Amino acid sequence: MTTAPTTNPAAAGTPAPTPGLLPLPARAARIITAAGALATAASTSMSWTWSSEFPGDLTYYGSPAGLQLITLTGALLTLAFALAGLGIRGLTALTPGGRNAPALFAALGTFAATWFTLAAIAVQLGGLVNLEPGGFLAGITALITLVGALGLPADHTPGTPPHGPWQRFTNSCAAVPTPRPAKQLPAWAEILLIAVAFGIALYAFTYGIDAEDGAPFVGYLLFVALAIAAVHRAGLINRLTALTHRHRGIALAAAFISAAAFPFTQDTDEYTIIGANILIFATVALGLNVVVGLAGLLDLGYVAFLGVGAYAAALVSGSPESPLGVQFPFWAALLTGAAAALVFGVLIGAPTLRLRGDYLAIVTLGFGEIFRIAMLNLNGTTGPDVTNGAMGIPNIPNLEIAGFNFGETHTVLGVPIATYGNYYLLMIFVTAFVVLVFRRAAASRIGRAWIAIREDETAAVAMGINSFRLRLLAFALGAALAGLAGTVHAHVVTTVTPEQFQFAGPQPPNSAFLLAAVILGGMGTLSGPLVGAALLFLIPAKLDFLQDYQLFLFGLALVLLMRYRPEGLIPDRRKQLEFHETGQLDVPDVPEQRLSDDTTGATKAGA
Amino acid sequence: MTTPTTVTKSNGAVLEAAGVTMRFGGLTAVRAVDLTVAPGEIVGLIGPNGAGKTTFFNCLTGLYTPTEGTVSYKGTRLSHKPHLVTQTGVARTFQNIRLFANMTVLENVLVGRHTRTKEGLWSALLRGPGFKKAERGSEARAMELLEFTGLAAKRDHLARNLPYGEQRKLEIARALASEPGLLLLDEPTAGMNPQETRATQNLVLAIRDQGTAVLVIEHDMRFIFNLCDRVAVLVQGEKLIEGTAEVVQADERVIAAYLGTPFEGAPGDEEAAEVDAAEAHATAPRSAAPQPADAAPTEPAADGTASGTSAAPGTSAPPGTNSAPGTSTAPDENAPNGDAR
């Protein structure tokens with residue numbers, strides 16, 4: 001059973017491959033791609049420019065740096081895929097999905113990153129004269145690689161026969177619908193693979209967050225997007241997902257460890273604050289996912305719950321401006337924040353959750369604004385003095401848990417971890433807790449009832465589900481989780497003002513961005529909002545130089561995403577089927593296996 | 001309160017609806033309908049479209065609050081909250097299938113178990129032994145039901161991807177998951193072919209044999225009369241008659257309600273004759289004169305009684321109709337009348 005099906009796709013894959021964009025013989029195209037990739041890799045060890053003014057200092061011979069590293073990675077990836085396409089033993093395991101589309105995407109990514117770098121050098125330093133021979137060589141070899149890759153035949157022709165060059169190009173980008181089944185590996189090897197994958201993910205994330213604003217980050221983004229497409233087309237992401245499903249606990253632990261390892265890769269606090277903020281944002285997005293993704297309640301004022309948690313924590317933090325003048329220990333502050341948000345959630349939910357759909361969305365939008373304006377007005381002149389109005393509650397002291405002061409730098413394992421690193425590590429635990437709550441709630445009687453309400457409320461009620469109570473429960477749980485994140489948020493920002501909790505704005509923690517993070521990542525999934533939140537926080541933080549165009553580009557990206565991938569980056573299995581009707585993806589393993597058994601049976605009978 | 005214990009009070013009926021009336025503004029959709037369902041009984045509810053059958057169902061299950069009248073289940077008054085009705089022991093299916101389309105087959109049935117399990121959010125978060133036991137129990141029961149309805153092999157498919165007939169079955173399995181004492185089926189065979197209808201019939205009988213009473217709305221008369229111990233006919237919101245299949249089948253009012261109006265009394269006959277003549281008139285010129293018989297073969301036999309009426313079209317029929325080798329005498333008699341005018 002394990003051996004027979006592996007021969008099947010190979011046999012099915014051979015007849016008449018559709019040519020790629022350029023009419024090259026397949027073998028020649030593969031050799032050109034491989035040789036070009038090798039040459040590109042070599043070119044990164046040469047100097048690309050004479051001046052060290054360009055970020056990353058690309059002037060050295062023999063040691064690739066900055067954006068050269070991206071080109072090098074891309075070239076090696078392309079080389080690996082191209083060699084796998086040539087049938088080199090041991091490398092074919094890299095491409096269970098398809099052999100040619102991955103090479104094409106990797107080549108595209110390398111080409112884009114390289115030419116972007118060269119263009120950035122030329123523009124930033126004023127002219128092509130600033131390029132050294134190494135730079136020209138890199139550009140030419142990357143182009144050759146791309147030409148070779150464009151000549152690769154398509155892995156799979158999805159229905160339509162190729163008409164014109166564009167059709168041929170999209171064909172060669174298409175993924176194989178059913179990847180080759182995996183060879184059974186020993187458990188330790190699978191676990192090792194998971195660890196390596198998370199290691200790579202951590203490295204890629206760290207590289208991105210450390211990349212200097214401007215050109216290097218854009219180059220990084222370009223490359224990462226195309227490289228992920230390549231790896232996905234190769235079927236490696238599917239395989240990794242299967243592995244993580246098989247070793248769930250280990251995968252979660254690996255994710256936790258690699259996330260916790262991030263501050264140890266940082267020398268300063270410059271980027272750990274971004275990390276801490278990403279975690280806060282992601283945690284709130286995950287809380288929102290309970291409300292929007294599971295129960296299907298569109299909440300446009302969700303950031304108010306983050307605000308309630310933050311204000312509650314600020315009031316009991318011992319800040320000199322707090323009218324309460326008390327200082328709770330952290331665990332009590334955490335509970336206060338969550339409880340306050342919970343109460344607020346129930347108070348808002350009880351009257352509004354009798355509404356459905358659009359009406360609910362409008363009412364929650366209104367309540368979100370009411371919260372912000374109420375906080376503005378509780379300033380002593382237009383209302384009782386509680387929140388200090390627009391000035392906010394400043395000087396929130398750093399946390400101290402069991403003598404561990406978060407404001408000081410501690411040296412752990414020889415690495416100094418400063419304030420934001422400490423908060424980052426604290427947030428890791430909060431996020432892990434929220435992840436646990438989300439997972440367990442979703443896979444239970446309550447979670448099923450939420451999804452049932454989302455799918456068809458009338459039918460859910462007819463099945464004995466108390467719709468109002470469960471909706472309120474979802475609302476309250478989501479609010480409490482956001483409140484939890486809010487307490488840490490208060491200490492990270494040190495000043496809590498009403499303006500941090502708007503409906504929409506250019507900076508991430510606001511209702512519109514939260515909703516966007518959930519939808520971008522994938523509604524109803526666990527990792528979707530985490531990925532979506534990380535992207536939505538990191539990209540605006542790193543692309544500051546775009547200024548006014550940021551929101552425009554953000555909107556454009558959302559529109560494109562909804563057009564081409566409405567189920568989000570990490571789709572819920574259900575959603576994926578909902579939006580792509582024709583895909584027969586849902587047919588679970590059992591019938592597929594039966595099918596392959598039948599075919600092998602038939603071939604045996606034929607033989 | 002939730003589990004009815006006062007069985008003694010009732011006369012053993014599973015469902016007792018008394019004087020159920022439902023008004024929407026000026027429209028009375030259901031008027032003073034009484035209906036009882038005894039344990040182990042299959043009762044059919046038939047009637048023309050728009051007779052108020054589904055509205056009556058909605059009154060029973062709490063989706064509507066009846067304007068007047070009471071509904072009790074095993075002696076306890078049913079609540080007007082649908083989820084409490086289900087908890088008490090009345091489950092239903094829908095006329096237009098309402099599955100949770102993007103949940104798997106198994107999950108759909110598990111949702112049906114909602115009222116029979118108690119594990120709340122805390123239990124789900126803490127994952128104690130009680131939670132795991134309840135989840136296992138629910139899943140085992142759901143799988144039993146899937147075996148029972150023949151869907152076990154498709155447990156991991158999305159409900160939306162099942163063929164139509166299996167979606168109907170899944171809806172029944174989901175309703176059964178709430179362990180009802182009474183199952184309400186709203187047109188369970190709508191859109192099914194004869195084999196599927198027969199399979200559904202067997203399924204309903206098997207459900208009855210397990211001790212669940214069934215109340216079923218249906219348009220397929222053969223299905224209803226094969227299946228039901230008793231049939232009630234609802235016409236324009238009122239119960240016309242209730243009885244065994246034979247009694248209902250023989251009742252003239254039922255036939256009238258389904259097939260159209262009366263065959264006794266002059267005015268009706270006159271109209272019928274008028275229509276016949278007009279039809280004959282309209283078709284005769286179009287079809288060639290030699291075979292005007294084509295115009296008449298569908299003339300109902302009832303016309304045979306309509307002899308010697310004076311009603312006739314104002315215009316004269318062409319002479320050709322006279323020679324029609326008629327299916328009945330009525331057209332022949334009508335035509336000369338027309339000529340006479």
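These numbers were taken from a predicted model, which means no experiment stands behind them. Quick note on labels: first sequence line is chain A, next is B, and so on, each numbered from 1.
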Test item: B/R98 side-chain N/O and A/D456 main-chain N/O as donor-acceptor pair under 3.5 Å
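Here the side-chain-to-backbone pair does not exist.
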Within the side chain of B/R127, is there an N or O that forms a donor-acceptor pair under 3.5 Å with the backbone of A/R440?
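Indeed, once roles are kept as given, a pair shorter than 3.5 Å links the two residues.
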Let me know if [X] has heavy atoms under 4.5 Å from chain A in its side chain, its backbone, both or neither.
X	value
B/S178	neither
B/K118	backbone
B/L63	side chain
B/A91	neither
B/R174	both

Is the number of heavy atoms from other residues, nucleotides or ligands under 6.0 Å of [X] [atom1] greater than 12?
X	atom1	value
A/F433	CZ	no
A/F429	CZ	no
A/D358	CG	no

Chain B: which of A/L473, A/T458, A/L436, A/L477 shares the most heavy-atom pairs with it under 4.5 Å?
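Greatest number of close heavy-atom pairs with chain B: A/T458.
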Minimal non-hydrogen separation, [X] against [Y], with atom names:
X	Y	answer
A/A462	B/F94	CB-CZ, 3.5 Å
A/A452	B/V111	CB-CG1, 3.8 Å
B/N102	A/E455	N-OE1, 3.0 Å
A/W450	B/L121	CH2-CD1, 4.4 Å

For A/I465, is it the side chain, the backbone, both, or neither that has a heavy atom closer than 4.5 Å to a heavy atom of chain B?
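Its backbone and side chain both get close to chain B.
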Contact class of A/L470 relative to chain B, heavy atoms under 4.5 angstrom:
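The answer is the side chain of A/L470.
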Using a cut-off of under 4.5 Å on heavy-atom pairs, state which of [options] scores highest against chain A.
options	result
B/R155, B/K81, B/H83, B/R116	B/H83
B/A134, B/G112, B/S123, B/P82	B/P82
B/V85, B/L110, B/T115	B/L110

Interatomic spacing from [atom1] in [X] to [atom2] in [Y] - rounded to 0.5 Å:
X	Y	atom1	atom2	value
A/R445	B/F131	CZ	CZ	10.0 Å
B/N108	A/I451	CG	CD1	11.0 Å
A/M463	B/Q87	CE	CD	13.5 Å

Presence of salt bridge, B/E135 and A/R448, under 4.0 angstrom
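Result for this pair is yes, salt bridge flagged.
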